[in-house]
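Numbers restart at 1 for each chain; the letters A, B, ... are given by sequence-line order, proteins then strands.
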Number of protein chains: 4
Amino acid sequence: MKKLWQKTGTKTAKIVHKYIISENLTEDQILLPYDIIASIAHVKMLNKIKILNDKEVSNIIGSLKEIYKLNEMGNFQLAGKYEDCHSAIENFLIEKLGDIGKKIHTGRSRNDQILVAIRLYTKDKIKGLEKASLSLAKQILKFSKKYEFVAMPGYTHTQQAMPSSVGQWAGNFIEALLDDLKLLQCAFSLNDQNPLGSASGFGTSINIDREETTKLLNFAKTQVNSLYCQNSRGKFESFTISSLSQLMMTLGKIANDIIWFTSYEFNFFQIDKSLTTGSSIMPQKQNLDILEVLRANVSVIMSYDFQIKTAYHNLFSGYNKDLKISKHALIESFNITLNSINVIETVFKKIKPNINKLKKSFSKDIFATDLANEMVSKGIPFREAYKQVGENLNKIKIPDLQKNLKSKISLGAPGNLGLNFYEKELLKNCNEIINF
Amino acid sequence: MKKLWQKTGTKTAKIVHKYIISENLTEDQILLPYDIIASIAHVKMLNKIKILNDKEVSNIIGSLKEIYKLNEMGNFQLAGKYEDCHSAIENFLIEKLGDIGKKIHTGRSRNDQILVAIRLYTKDKIKGLEKASLSLAKQILKFSKKYEFVAMPGYTHTQQAMPSSVGQWAGNFIEALLDDLKLLQCAFSLNDQNPLGSASGFGTSINIDREETTKLLNFAKTQVNSLYCQNSRGKFESFTISSLSQLMMTLGKIANDIIWFTSYEFNFFQIDKSLTTGSSIMPQKQNLDILEVLRANVSVIMSYDFQIKTAYHNLFSGYNKDLKISKHALIESFNITLNSINVIETVFKKIKPNINKLKKSFSKDIFATDLANEMVSKGIPFREAYKQVGENLNKIKIPDLQKNLKSKISLGAPGNLGLNFYEKELLKNCNEIINF
Amino acid sequence: MKKLWQKTGTKTAKIVHKYIISENLTEDQILLPYDIIASIAHVKMLNKIKILNDKEVSNIIGSLKEIYKLNEMGNFQLAGKYEDCHSAIENFLIEKLGDIGKKIHTGRSRNDQILVAIRLYTKDKIKGLEKASLSLAKQILKFSKKYEFVAMPGYTHTQQAMPSSVGQWAGNFIEALLDDLKLLQCAFSLNDQNPLGSASGFGTSINIDREETTKLLNFAKTQVNSLYCQNSRGKFESFTISSLSQLMMTLGKIANDIIWFTSYEFNFFQIDKSLTTGSSIMPQKQNLDILEVLRANVSVIMSYDFQIKTAYHNLFSGYNKDLKISKHALIESFNITLNSINVIETVFKKIKPNINKLKKSFSKDIFATDLANEMVSKGIPFREAYKQVGENLNKIKIPDLQKNLKSKISLGAPGNLGLNFYEKELLKNCNEIINF
Amino acid sequence: MKKLWQKTGTKTAKIVHKYIISENLTEDQILLPYDIIASIAHVKMLNKIKILNDKEVSNIIGSLKEIYKLNEMGNFQLAGKYEDCHSAIENFLIEKLGDIGKKIHTGRSRNDQILVAIRLYTKDKIKGLEKASLSLAKQILKFSKKYEFVAMPGYTHTQQAMPSSVGQWAGNFIEALLDDLKLLQCAFSLNDQNPLGSASGFGTSINIDREETTKLLNFAKTQVNSLYCQNSRGKFESFTISSLSQLMMTLGKIANDIIWFTSYEFNFFQIDKSLTTGSSIMPQKQNLDILEVLRANVSVIMSYDFQIKTAYHNLFSGYNKDLKISKHALIESFNITLNSINVIETVFKKIKPNINKLKKSFSKDIFATDLANEMVSKGIPFREAYKQVGENLNKIKIPDLQKNLKSKISLGAPGNLGLNFYEKELLKNCNEIINF
């Protein structure tokens with residue numbers, strides 16, 4: 001393996017290769033297209049500042065596009081051949097273009113090259129997650145509307161608390177997803193800063209034009225201080241994953257609720273058999289493995305956040321190889337989160353409430369608060385009403401469920417879920433993404 | 001201890017008190033003023049919807065303000081007397097006003113009461129942190145300007161890499177703080193949603209006016225779905241702490257750098273003795289205990305984020321007492337972060353570079369890249385220049401440091417740090433906070 | 001506040017006091033008795049090596065015992081007066097004994113003083129946890145025996161899987177606790193090494209006799225390398241808390257199971273009302289707050305482990321103040337774990353199965369595997385039997401539950417739970433603790 | 001893909017395959033040999049209890065051995081063909097042996113099958129780690145002896161504290177490794193319990209002989225309660241990884257120290273160039289990437305522990321698919337830890353102290369404590385001596401370093417490092433492993 005930095009006569013110990021270069025360079029293969037896009041911008045800028053002439057630029061960009069296409073067709077494998085995607089690009093250019101290729105690295109370092117590739121990758125992936133989240137939110141909205149007034153017990157402390165509805169249960173996740181979208185946008189904005197041109201972390205004596213690459217790569221701004229560019233490695237990734245973990249927490253709660261609601265004891269929902277798996281020993285089992293693995297994946301994403309933050313901890317300012325591990329953590333986090341959104345969207349397509357069972361599932365006690373409130377409307381102070389009802393729980397009768405739900409019309413209560421509000425919000429978000 | 005829910009004839013086991021009611025109710029004591037503010041808004045709304053008449057409202061608000069003042073003077077101790085700050089308020093009102101007091105809890109639950117108090121507290125604390133962060137950023141800006149061109153080695157992999165400056169080192173943290181401010185604003189915006197009126201998580205049959213309390217309490221919007229209000233407990237807190245942890249990571253990096261830079265081996269900075277502590281056995285020691293504890297506090301904040309997320313994991317939808325622990329985690333996180341900002345601000349007031357030592361601290365090798373770039377400007381392809389310099393490291397001569405720094409004028413390099421840009425940003429942020 | 005190391009004419013900034021000396025020195029107050037015990041051993045050793053004569057020793061030990069007693073009666077408050085428990089001891093001795101007191105610190109540092117105090121504290125607390133765990137295990141054993149053959153569905157994937165029993169459910173936690181005990185013993189053994197005499201981390205030129213204090217303090221061995229003594233700070237604490245977290249995971253699983261089993265939908269168990277708490281708005285609620293907080297406390301303990309490990313991460317060899325935070329983490333972890341054991345023991349005293357409800361809770365499907373196994377006994381290959389049963393689930397009939405359970409006699413199955421084996425193990429463990 | 005549990009006419013949705021079956025089944029491929037070994041024991045036991053006759057057993061074992069060999073030669077790929085290693089085994093047997101193959105799953109479930117395979121794997125890997133750790137400890141011992149009295153400053157708070165030696169620095173890690181070995185043995189002992197025969201978690205109506213497989217598989221004991229077998233999944237793995245994290249913390253501290261000690265500013269050690277890597281932009285750089293990645297890997301292992309514990313949190317008793325993620329976490333943790341030991345062993349072979357630089361690296365102040373102790377030996381009380389030296393730091397003279405080190409002869413001090421003690425311990429441990 002040829003390394004950019006290899007000095008004549010020196011040899012790198014095998015254990016170095018083994019330990020620090022991941023065997024299959026999976027992450028670098030994924031980042032390669034983004035590295036190429038950033039390299040094209042870099043080359044154009046070098047042209048603007050007269051380091052490269054027009055012909056050199058056209059040659060280099062031609063070759064970079066060639067790699068891009070080869071890679072798209074699976075014909076540019078890094079594994080075993082290169083130290084990383086950055087070396088691969090330069091080596092390819094030198095082989096192809098000779099001395100011209102040797103100029104590509106002018107005014108940049110692999111340190112800022114990896115930063116900019118990760119930023120472009122991250123922005124791309126966040127946009128993808130936003131689309132998927134919106135699609136999921138729309139699916140849940142459809143579900144909520146369909147079952148808006150299907151009565152279902154509401155729980156606090158895992159105990160029946162007050163009457164609720166399938167619409168309220170499902171609707172609550174739409175609002176969570178809308179909040180999660182805002183956090184994703186916050187992470188996007190943090191990553192929307194161009195680190196290219198910070199070189200190894202201390203700039204370069206070549207008078208490069210950083211604003212030019214910022215413009216070419218469509219970044220909102222240039223990340224100014226070149227040392228900060230390096231110090232933000234790990235920081236931005238961990239914040240990004242932390243935002244993903246919020247989205248995963250929402251999905252995990254959906255998964256966990258459904259696991260319980262489809263249990264024999266609750267039996268509130270019926271899920272399509274095609275989403276269940278079986279047991280090797282118990283002939284009757286239909287398990288929701290996908291939702292259980294999804295729950296566990298919440299902790300996987302959380303652990304990646306923690307992993308990067310701990311690796312970052314007590315590191316001296318400037319580039320440190322420690323944060324290499326953040327590539328895997330980040331890419332895995334995006335993959336898992338996107339797949340998890342798809343799982344939950346499929347689930348909402350293939351699940352329906354057991355309306356009869358739900359009707360029968362209400363305990364009498366669950367209506368105690370409603371009874372107390374009725375007394376309040378007759379002028380009895382709430383604490384007094386509370387006390388009286390509490391001492392006469394056995395007198396409670398189960399009311400008409402539909403009427404009960406629809407009578408609660410304060411904003412966000414079962415009779416006034418505000419689903420239209422979500423619809424508007426979703427539409428607004430969709431338009432923003434389309435116009436992006 | 002009188003509990004709102006205590007039924008006649010039943011007794012609560014001692015171990016319940018011991019295990020779930022924190023002995024000194026420290027957190028509730030801190031949240032009490034916010035609970036009162038929210039209670040006043042609640043009462044005004046109950047008046048608007050005719051549950052309370054004008055006289056009742058005026059009586060209740062009078063008593064609420066009395067508690068507020070008593071508490072401010074340290075004369076309203078919860079410990080030992082009350083289950084929590086919510087019970088304290090109601091009990092006080094009932095003792096004082098009789099039946100009128102029994103009406104305060106109409107249309108609300110402790111579940112939304114704690115939520116709204118925490119939101120108000122959080123918004124208040126974030127504003128405080130923003131101010132403190134800006135003050136710190138200004139202090140570092142002053143420092144950066146003063147020592148803008150004091151040469152200092154730049155490091156990658158803990159090894160001398162390229163020439164840098166005290167200004168570049170310090171300036172990088174200003175930009176980090178500006179990013180951290182944006183994350184704080186993101187957390188603020190998440191918390192700027194009114195949960196009051198969601199009651200125990202399923203609304204109420206009383207037709208309360210939630211938009212009214214949203215307006216009275218100056219929230220940006222109402223958090224609609226009442227179940228989501230409950231499900232967002234822990235979620236919002238963990239995101240908030242996650243944002244604090246980003247700020248702490250910035251402070252921790254400053255602390256760690258300074259610990260190394262003030263070591264005997266580096267000796268780049270001199271810190272005022274009043275900030276050091278001594279050893280019980282070694283007469284010469286002057287230790288930076290405060291910066292070491294600050295480093296450790298980064299992990300404390302990180303652990304609070306993790307603690308809440310794990311407690312949240314696999315919880316059934318609706319209120320669960322598990323998230324009680326988030327009160328302590330949140331409040332401690334704010335306290336530690338604010339104190340840590342103050343520590344770093346003090347440090348920047350009491351530290352100065354050892355200019356002579358810094359001058360002598362440069363290795364020859366650190367100029368290798370500059371030399372290669374010089375060759376590039378003569379038309380030699382970068383990789384070629386790199387190779388030649390690499391094979392002739394012993395020929396490098398230390399240049400004029402000032403000239404070297406000032407020659408690097410691409411944005412963010414030592415000769416063009418963009419400090420003015422930060423100044424503008426800080427000013428903009430300050431204005432926003434003042435106008436808040 | 002007088003500090004051992006304060007130099008004439010220098011002043012410590014207020015922010016240093018505020019930030020690094022915890023306001024109430026709670027942890028140091030708890031460690032004080034252990035510090036005194038170690039100090040007595042240190043003094044006896046100094047006598048043996050002739051640094052202190054008999055009279056000096058007798059004076060010093062007298063004064064140390066005085067502090068011990070004062071502290072026991074709550075009359076030796078550190079808060080506000082001293083930097084830490086170590087300074088308090090030396091200051092008291094000097095005030096009382098003058099020059100003699102100034103000799104106590106010969107050949108030691110606060111660095112090894114805190115280490116040895118924490119070790120003695122940890123050993124003491126682990127022994128306490130062992131006793132409490134055994135007591136809990138015995139309580140569960142009693143419960144398991146009483147309800148050994150009360151049928152109860154067994155679950156996989158939160159779905160009814162195969163018939164099980166209350167005895168099997170409860171018995172599984174006894175075996176977990178027996179494993180947890182072994183992990184506690186492992187943590188004990190790690191902590192059973194004497195660090196006293198390592199001074200600040202590099203020994204001392206005074207020829208102290210470390211084996212003597214090892215013997216006097218009843219440590220299993222001397223921790224040899226004095227630098228390792230310092231480097232093991234945080235390491236030992238995190239391993240200890242990691243062991244506690246295993247015990248907490250067992251308790252948390254018990255709590256979580258019971259929360260579900262006492263829900264309206266399962267209704268498998270009845271718990272005494274004295275262990276429940278109520279709602280401020282819902283008159284009917286009886287919540288298991290204690291078990292919910294216990295579940296959350298599992299994540300608190302886990303976070304303390306993570307906190308220390310992260311603080312330890314990337315620290316330079318030798319004493320660093322960062323690990324000061326481990327005192328709070330360790331002490332809180334012991335407190336919470338001990339209290340949590342007591343909670344679960346109380347719960348097992350106040351809970352009983354709803355035998356009739358349990359009987360009716362079995363689905364037909366849960367017997368599918370038993371049916372397949374019956375066919376196996378008639379010579380049909382298992383996979384074949386499995387298939388046939390799977391296609392005829394509707395033909396399953398609910399068998400006699402008692403007979404079903406008792407027919408499963410392979411070790412650990414419902415008919416052969418091995419409770420006697422636990423009884424022997426518990427007895428063995430009790431004897432070991434008594435003989436300790 | 002054929003699944004054991006697939007019912008005629010039902011189809012599994014593609015997303016289920018995609019989400020829960022890892023594309024390449026890497027972990028199952030690694031566990032396959034252990035699954036085969038356990039299967040052979042299971043089959044022999046079925047023979048003993050007359051479920052299988054001699055001929056059937058001989059046929060099945062023959063086929064199992066065939067898979068073992070095919071797999072060893074890389075000719076038994078699971079990916080794409082099977083759901084997991086368990087299904088692969090049964091499918092192979094059925095294809096090969098027809099009805100006989102359909103009997104292999106009698107009295108077991110994949111739930112206990114995966115448990116026993118993981119236990120066997122874990123025991124195997126721990127033994128491997130023990131050997132590697134001992135080999136590393138011996139390498140460090142050699143290094144410590146060679147440089148036992150090479151003087152080197154000792155640090156507290158990252159500041160020069162007291163004179164120390166290369167031997168003391170290196171020796172401290174041997175003692176850490178000896179402790180880590182004990183923790184590994186503790187994890188081994190926890191895993192040395194046979195879960196086979198617990199079936200899906202509730203035993204089986206087939207009267208299997210669990211003690212027989214315990215004996216055949218060389219487990220120390222049978223894990224009794226079949227529900228506990230399932231509840232211990234994740235528990236044992238997290239404790240195991242927690243023990244590995246302690247070993248990694250030791251290796252990480254070595255790595256971090258060496259990164260600093262080989263920096264330009266310290267320059268205490270020289271490391272062979274073959275272990276360094278270069279920069280793409282800075283011609284002079286020789287970076288210790290391997291040690292930086294190793295530091296980061298400490299946080300990776302820590303995060304796997306946290307990941308499993310969080311996934312385990314709040315799970316209902318009995319098998320849950322969530323803990324599937326623990327396979328990857330465990331296997332990666334073993335791989336990384338073993339590779340990391342090898343890295344550090346190589347480093348100790350290729351590093352040597354810069355003896356001259358070390359000699360010149362001592363500040364005068366570092367001898368202050370020695371001076372105070374000298375005064376103590378003349379009868380001055382320590383605190384008095386401390387004060388006087390502290391006020392006369394400028395009078396300190398650098399002593400003969402060798403003499404200084406050798407004069408400190410209390411156990412564990414630089415003049416009495418106890419290296420022989422380690423030698424004995426290492427020998428004892430080696431013997432135990434050989435005799436295993």
>> Using 30° and 60° as the class boundaries, would you call the ring planes of C/F173 and C/W169 parallel, tilted or perpendicular?
In response: perpendicular
>> Below 4.5 Å, heavy-atom pairs only: which of D/N231, D/D370, D/L417 has the largest tally toward chain C?
In response: D/N231
>> Could you tell me if the side chain of D/Y386 sits less than 4.5 Å from the side chain of C/W5, heavy atoms only?
In response: yes
>> If only side-chain N and O atoms count, and only distance matters, is there a donor-acceptor pair under 3.5 Å linking D/N207 with C/S410?
In response: no
> Roughly how far, to the nearest 0.5 Å, is CD of D/E212 from CG of C/L411?
Replying inline: 13.5 Å
> Pick from C/S238, C/S299, C/S303: which one has the most heavy-atom pairs with chain D under 4.5 Å?
Replying inline: C/S238
>> Could you check whether C/T222 and C/N194, counting side-chain N and O atoms only, form a donor-acceptor pair closer than 3.5 Å?
In response: no
> At a heavy-atom separation under 4.5 Å, does D/Q185 approach chain C through its side chain, its backbone, both, or neither?
Replying inline: neither
> If we ignore angles and hydrogens, is there a donor and acceptor under 3.5 Å between the side chains of D/S200 and D/N111?
Replying inline: no
> Do D/F261 and D/M152 come close enough that some side-chain heavy atom pair is under 4.5 Å?
Replying inline: yes
>> Between C/Y228 and C/Q223, is the side chain to side chain contact (heavy atoms under 4.5 Å, CB included) condition met? List the steps.
In response: CA-CA 8 Å; C/Y228 179 52; C/Q223 192 175 18; 3.2 Å; yes
> Non-hydrogen atoms of chain D under 4.5 Å away: do they reach the side chain of C/A176, the backbone, both or neither?
Replying inline: both
> What part of C/N256 lies closer than 4.5 angstrom to a heavy atom of chain D: side chain, backbone, both or neither?
Replying inline: side chain
> Which bit of D/S189 is near chain C, if near means a heavy-atom gap under 4.5 Å: side chain, backbone, both or neither?
Replying inline: neither
> Do you know which of C/K182, C/K235, C/K321 has the most heavy-atom pairs with chain D at a distance under 4.5 angstrom?
Replying inline: C/K235
> In terms of heavy-atom pairs under 4.5 Å, which option from C/T158, C/V298, C/N404, C/L315 contacts chain D the most?
Replying inline: C/L315
> Which word best sums up how the rings of D/F316 and C/W260 line up, parallel for under 30°, tilted for 30 to 60°, or perpendicular for over 60°?
Replying inline: perpendicular
> Side chain, backbone, both or neither: which part of C/H105 has an atom under 4.5 Å from a heavy atom of chain D?
Replying inline: both
>> According to ring-ring contact (aromatic ring centres under 6.0 Å, His included), who are the partners of C/F239, at least two apart in sequence or on a separate chain?
In response: D/F239
> Which value, rounded to the nearest 0.5 Å, describes the distance between C/N225 atom CG and D/L178 atom CG?
Replying inline: 11.5 Å
> By a 4.5 Å heavy-atom criterion (distance strictly below it), what part of C/Q193 contacts chain D: side chain, backbone, both, or neither?
Replying inline: side chain
>> Tell me which of these, D/R295, D/Q246, D/R210, D/K103, has more heavy-atom pairs under 4.5 Å with chain C than the rest.
In response: D/Q246
> Do you know which of C/P381, C/A187, C/A255, C/G318 has the most heavy-atom pairs with chain D at a distance under 4.5 angstrom?
Replying inline: C/P381
>> Please give me the minimum heavy-atom distance between C/S242 and D/S242, naming the atom from each residue.
In response: OG-OG, 2.6 Å
> Which one, D/M162, D/K253, D/K408, leads in non-hydrogen pairs under 4.5 Å with chain C?
Replying inline: D/K253
> With a 4.5 angstrom heavy-atom cut-off, which part of C/L4 approaches chain D: side chain, backbone, both or neither?
Replying inline: both
> Relative to chain D, which segment of C/E374 carries a heavy atom at a distance below 4.5 Å: side chain, backbone, both, or neither?
Replying inline: neither
> Non-hydrogen atoms of chain D under 4.5 Å away: do they reach the side chain of C/E211, the backbone, both or neither?
Replying inline: side chain
> Does the side chain of D/K102 reach to within under 4.5 Å of the side chain of D/L93, using non-hydrogen atoms?
Replying inline: no
> Between D/S377, D/G203, D/S226, D/A199, which residue shows the highest count of heavy-atom pairs closer than 4.5 Å to chain C?
Replying inline: D/S226
>> Is C/S165 close to chain D through its backbone or its side chain, or both, or neither, when contacts mean heavy atoms under 4.5 Å?
In response: neither
>> To the closest 0.5 Å, what do you measure between CD (D/Q168) and CG (D/L405)?
In response: 8.5 Å
> What part of C/D209 gets closer than 4.5 Å to chain D, counting heavy atoms only: side chain, backbone, both or neither?
Replying inline: neither
>> Just so I understand: if I count every heavy-atom pair under 4.5 Å between each of D/H313, D/E175, D/Q230, D/E391 and chain C, which residue has the most?
In response: D/E175
> Can you find a pair of side-chain heavy atoms, one from D/F382 and one from D/K387, that are under 4.5 Å apart?
Replying inline: no
> C/I174, C/I51, C/L183: which one forms the most heavy-atom pairs within less than 4.5 Å of chain D?
Replying inline: C/L183
>> Taking side chain as everything from C-beta outward and backbone as N, CA, C, O, which of these in D/I208 sits under 4.5 Å from a heavy atom of chain C? Side chain, backbone, both or neither.
In response: both
> Which bit of D/I104 comes within less than 4.5 Å of chain C, counting heavy atoms only: side chain, backbone, both or neither?
Replying inline: neither
> Can you tell which of D/I254, D/T204, D/D305 has the highest number of heavy-atom pairs within less than 4.5 Å of chain C?
Replying inline: D/T204
> Quick one: of C/V376, C/N314, C/I409, C/T106, who has the most non-hydrogen atom pairs under 4.5 Å with chain D?
Replying inline: C/N314
